[in-house]
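Each remark here refers to the structure printed beneath this line.
Protein chains get the first letters and strands the later ones, always in sequence-line order, with residue 1 at the start of each. Not measured: the values here are computed from a predicted model. Values reported hereafter were calculated over all heavy atoms of this structure, with side chains retained and with hydrogens, waters and symmetry mates removed.
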Amino acid sequence: MNDSLNIYGQMFSSRLLIGSALYPNLDTMKNAIVASGSEIVTLSLRRQSPEKNAGQDFWQYIQSLGLTLLPNTAGCHSVKEVVNLAQMSRELFQTDWIKLELVGDDYNLQPDTIELLKATDILLKDGFKVLPYCTDDLVICQRLADLGCQVIMPWGSPIGTGQGLLNPYALECIRHRLPDTTLIIDAGIGAPHHAVHAFELGYDGILLNSAIALATAPITMATAFKHAAMAGRAGYLAGRMPERQNAQPSTPTLGMPFWHHEYE
Amino acid sequence: MNININGQSVAIVATSTSLSLSELLEQYNAQLPFAVAINGDFVAQSNYHNIVVSSTDMIDIVSPIFGG
């Protein structure tokens, strides 16, 4: 069965998008990314320090993986910042993909979805393929789709919390109302069963970082998420049984021994 | 002259009456790959030679780093 993740017309066999941050060292990062089976890795841009090797080691490790790069605009607080950082990313990474993050509140790093709409409009018109990180607000997701986003990435829970899908109802509504949009849960995934949950809701992919990088054994956890994604997606495609209020025996009752009708 | 590069004041020598962005990057020893913004505005690589930098400009030179 051909079941691929569609990102702006580009097809991927893995439904995991993986971050490159927070690993204990570069070797663990590389091996965990490989173990996850992900074909898309996120990264960012920060001020260069020539005296600190300008991040050359990291860049060489990432290049050696040969994966599709998804640069982010993490840490930006304004439309101007995200637009300019996106343009810098496009030139440096030679990609028109941008994971659009625009922080609205520093307490929970909640996206400023109002400004996000403005920035998305500017970047789409400038030729970017925007993957916006947003909240689980249905109307915001609809507006992003109206602007032309083919991929939308609502949060499961705030970045780095690992709390899983806090509002499955809202996420399910978005899935139901945007059946033709590629939907990816970005942020909040903490354990493999969260991934299964996301896929069972019909989400097309998950983007995660901390859940793997901060695990006791990141490479083993990456493998776990690889299998969780496959299990969740297969479960969704297979169609789960309907829930029932009352118990129903699965073993036939007809022919049950030891039961005798009493004749009067 | 001193120029704000990546949030720090850096002494840069102008070899002529005007300092181009490409001269500044060379003196700063910027290492590839990088991208540049002046006063928060992206500057395309093709314009490095044409852009004249002044002491009041704030330069950002960025490189790849891990991210989620």
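In terms of heavy-atom pairs under 4.5 Å with chain B, the best-connected choice from Tyr61(A), Phe93(A), Phe58(A) is Phe58(A). Ranked by heavy-atom pairs shorter than 4.5 Å toward chain B, the options Leu69(A), Leu17(A), Thr42(A) are led by Thr42(A). The most heavy-atom pairs under 4.5 Å with chain A, out of Ile5(B), Asn29(B), Asp60(B), come from Asp60(B). Comparing Gly67(B), Ala30(B), Ala37(B), Gly7(B) by heavy-atom pairs within less than 4.5 Å of chain A, the highest count is held by Gly67(B). Among Met29(A), Lys80(A), Met88(A), the residue with the largest count of heavy-atom pairs under 4.5 Å with chain B is Met88(A).
Scored by the side chain to side chain donor-acceptor pair (under 3.5 Å) test, Asn2(B) finds no partners at all (sequence neighbours excluded). Looking at residues two or more places apart in sequence or on another chain, you find a side chain to side chain contact (heavy atoms under 4.5 Å, CB included) between Gln163(A) and Ser157(A), Thr161(A), Leu166(A).
Across all their heavy atoms, Phe34(B) and Glu91(A) have their closest contact at O-OE1, 4.4 Å. Of all heavy-atom pairs between Asn6(B) and Arg47(A), the closest is OD1-CG, 3.4 Å. For the pair Asp41(B) and Asn84(A), the tightest heavy-atom approach, listed with the atom from each and the gap, is CA-OD1, 3.2 Å.
There is no contact between Tyr23(A) and chain B, counting heavy-atom distances below 4.5 Å. For a residue to count as touching a neighbouring chain, one of its non-hydrogen atoms must lie under 4.5 Å from one of that chain's; by this rule Leu92(A) touches chain B with the side chain only. Heavy-atom distances place the backbone of Leu32(B), and not its side chain, under 4.5 Å from chain A. Glu81(A) does not touch chain B: none of its heavy atoms, backbone or side chain, sits under 4.5 Å away.
Trp59(A) is not listed as a side-chain neighbour of Ser63(B), based on a closest heavy-atom distance of 4.5 Å or more. Side-chain atoms of Pro64(B) and Gln56(A), non-hydrogen and from C-beta on, never get closer than 4.5 Å to each other.
Under a cut-off of 6.0 angstrom, the local environment of CE in Met58(B) is sparse, with at most 12 non-hydrogen atoms contributed by other residues, nucleotides or ligands. The number of heavy atoms from other shown groups lying within 6.0 Å of CD (Gln63(A)) is above 12.
Of all residues in residues 43-52 of chain B, those placing a non-hydrogen atom less than 4.5 angstrom from a non-hydrogen atom of chain A are Val43(B), Ala44(B), Gln45(B), Tyr48(B).
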Check: residues 208-227 of chain A side-chain donor-acceptor pairs under 3.5 Å, at least two apart:
{"unit_1": "Asn209(A)", "atom_1": "OD1", "unit_2": "Ala21(A)", "atom_2": "N", "d": "3.1"}
{"unit_1": "Asn209(A)", "atom_1": "ND2", "unit_2": "Ala21(A)", "atom_2": "O", "d": "2.7"}
{"unit_1": "Thr223(A)", "atom_1": "OG1", "unit_2": "Ile219(A)", "atom_2": "O", "d": "3.1"}

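The CZ atom of Phe66(B) sits 8.0 Å away from atom CG of Leu22(A), with the distance rounded to the nearest 0.5 Å. To the nearest 0.5 angstrom, Leu45(A) atom CG is 13.0 Å from Ile61(B) atom CD1.
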